[in-house]
Protein chains: 2
Amino acid sequence: MDTNEQIERALREVGLRVTRPRVAVLAAVAAHPHADAGTVLAVVREGLPEVSHQAVYDSLHTLADAGVVRCIQPTGATARYETRVGDNHHHVVCRKCGDIADVDCAVGEAACLTASHDHGFTIDEAEVTYWGLCPRCSAARSEP
Amino acid sequence: MDTNEQIERALREVGLRVTRPRVAVLAAVAAHPHADAGTVLAVVREGLPEVSHQAVYDSLHTLADAGVVRCIQPTGATARYETRVGDNHHHVVCRKCGDIADVDCAVGEAACLTASHDHGFTIDEAEVTYWGLCPRCSAARSEP
DNA sequence: CTCTTCTTTTGACTGATTCAAGAAAAGGAG
DNA sequence: CTCCTTTTCTTGAATCAGTCAAAAGAAGAG
Ligand SMILES: [Mn+2]
Ligand SMILES: [Mn+2]
Ligand SMILES: [Zn+2]
Ligand SMILES: [Zn+2]
């Protein structure tokens, strides 16, 4: 559970001004990993009812640019945000309900962290998305 | 280069009716790998000027559902389509210009094809997106 | 405290995609 | 070949996430 002070410190550490919307957005993303912008907006408004949706979008972009949050976007879904950054972890997405869970990088550095070349591209990151069914949807499918 | 007959056969093989829009859409995707819906629409209209955008969207969905085309959507980009299906290949995306190239699955079956479990999820596919710079953007960045 | 710069609000706007109704076409049966 | 049913296409409007732009407001350096 991040305190407001920890959040403010995190913002200053990356050279960002501390504003109410940014603090609230970062707290919301920390509390709701893999939430989309709409969810973040709703959560932020619980404590800051007058915040504009634009401020939330701006904050998310700014935080993502600063590396404080990470943005992922599985095919068919809107952008999701999380504060778990810098560890090259991956995600598993439920094909049925869209639920997302973290997957630690099992493949290891060889595949996921080492820069390499292909088709002349200079590669700096490997992003892995696993697709399947979450426990709930998996159970629902087995029943008659 | 796919002939119209090959395309029609492919449609019938998966139990789909053969229609002008579908044939044209499948040909367009085959000729322009990783094209988005707008590009497909433009290409289709070269030979079928009256086709509606909705018919193109419907065809893309139907073809994707039938497994004849594959849809990918890297973060920040609109959906892209390709006819190279069933070989679990991956993609490298240029961070600057958005260009996409194929990457054969180098990691091997262990990571990419074998179903596994995580957090109780039943995983059936691993999708890998590599991020970096294409040769052109890479060269542009090195210059003064 | 003051000033500059950055951030937020407001409200309109875009672009990709989807919805819904009726018209048209595919393809199987006769 | 013709008829019939079902699927697909056209048309036009609508939705949704996300963006743009101008003016008002707040952060924080000095
Ligand atoms: Mn995560
Ligand atoms: Mn490909
Ligand atoms: Zn699920
Ligand atoms: Zn490029």
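Residue numbers begin at 1 in each chain, while the letters A, B, ... track the order of the sequences. Side chains are part of it too, since the values below use all heavy atoms of this structure and drop only hydrogens, waters and symmetry mates.
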Is B/Ile123 reachable from B/Val128 through a run of I, L, V, M, F, W or Y residues, each pair having side-chain heavy atoms under 4.5 Å apart?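 Yes, B/Val128 and B/Ile123 fall within the same hydrophobic cluster.
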Indicate if A/Val92 and A/Ile72 have the same hydrophobic cluster label, given that clusters are the connected sets of ILVMFWY residues with side-chain heavy-atom separations under 4.5 angstrom.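 Per the 4.5 Å side-chain linkage, A/Val92 and A/Ile72 are not co-clustered.
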With sequence neighbours excluded, tell me which residues meet ring pair (Phe, Tyr, Trp, His ring centres under 6.0 Å) with B/His32.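 Not a single residue meets the ring pair (Phe, Tyr, Trp, His ring centres under 6.0 Å) criterion with B/His32.
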Using a heavy-atom cut-off of 4.0 Å to chain B, what are the terminal contacting nucleotides of DNA chain C, in 5' to 3' order?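 First-to-last contact on DNA chain C, by the 4.0 Å heavy-atom rule, is C/dA16 to C/dG27.
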For [X], salt bridge (charged side-chain N to carboxylate O under 4.0 Å, His left out) partners two or more places apart:
| X | value |
| --- | --- |
| A/Asp102 | A/Arg84 |
| A/Arg45 | none |
| B/Glu127 | none |

Just verifying a value: how many Å separate [X] [atom1] and [Y] [atom2], rounded to the nearest 0.5 Å?
| X | Y | atom1 | atom2 | answer |
| --- | --- | --- | --- | --- |
| A/Cys71 | A/His61 | SG | NE2 | 7.0 Å |
| B/Thr83 | B/Arg70 | OG1 | CZ | 11.5 Å |
| B/Asn4 | B/Arg20 | CG | CZ | 9.0 Å |

Looking at A/Arg136 and A/Asp99, does any basic side-chain N land under 4.0 Å from a carboxylate oxygen?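 No salt bridge links A/Arg136 with A/Asp99.
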Any ion pair linking A/Arg9 and A/Glu13 (charged N to carboxylate O, less than 4.0 Å)?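 Result for this pair is no, no salt bridge flagged.
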End axis versus end axis in the helix from C/dC1-D/dG30 to C/dG30-D/dC1, the angle rounded to 10°, five pairs used at each terminus: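 About 40° separates the two local helix axes.
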Does anything in [range] reach DNA chain C, meaning a heavy atom under 4.0 Å, and if so which residues?
| range | result |
| --- | --- |
| residues 70-80 of chain B | B/Thr78, B/Ala79 |
| residues 40-47 of chain A | none |
| residues 50-68 of chain A | A/Glu50, A/Val51, A/Ser52, A/Gln54, A/Ala55, A/Asp58 |

Of all heavy-atom pairs between A/Gln73 and B/Pro74, which one has the smallest distance, and what is that distance?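 Residues A/Gln73 and B/Pro74, closest heavy atoms: OE1-O, 4.4 Å.
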State, to 0.1 Å, how close A/Val43 and A/Ala28 come at their nearest heavy-atom pair, and which atoms those are.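 The pair with the smallest heavy-atom distance is CG1-CB, 3.6 Å.
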Could you tell me how the ring of B/His91 sits relative to the ring of B/His34: parallel (under 30°), tilted (30 to 60°) or perpendicular (over 60°)?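 Because their plane-to-plane angle is over 60°, the rings of B/His91 and B/His34 count as perpendicular.
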Cluster companions of B/Val44 among Ile, Leu, Val, Met, Phe, Trp, Tyr (side-chain spacing under 4.5 Å):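 Besides B/Val44, the cluster holds B/Ile7, B/Leu11, B/Val14, B/Leu16, B/Val18, B/Val23, B/Val25, B/Leu26, B/Val29, B/Val40, B/Leu41, B/Leu48, B/Val51, B/Val56, B/Leu60, B/Leu63, B/Val68, B/Val69, B/Tyr81.
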Are a donor atom and an acceptor atom from the side chains of B/Thr62 and B/Asp65 found within less than 3.5 Å of each other?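 Result is no, nothing qualifies.
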Of the residues in residues 13-28 of chain B, which ones touch DNA chain D at a heavy-atom distance under 4.0 Å?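 Here the set is B/Arg17, B/Thr19, B/Pro21, B/Arg22.
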Can you list the residues that meet the side-chain hydrogen bond (donor to acceptor under 3.5 Å, both in side chains) rule with B/Thr75, with sequence neighbours excluded?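 If we apply the side-chain hydrogen bond (donor to acceptor under 3.5 Å, both in side chains) test to B/Thr75, skipping adjacent residues, there are no hits.
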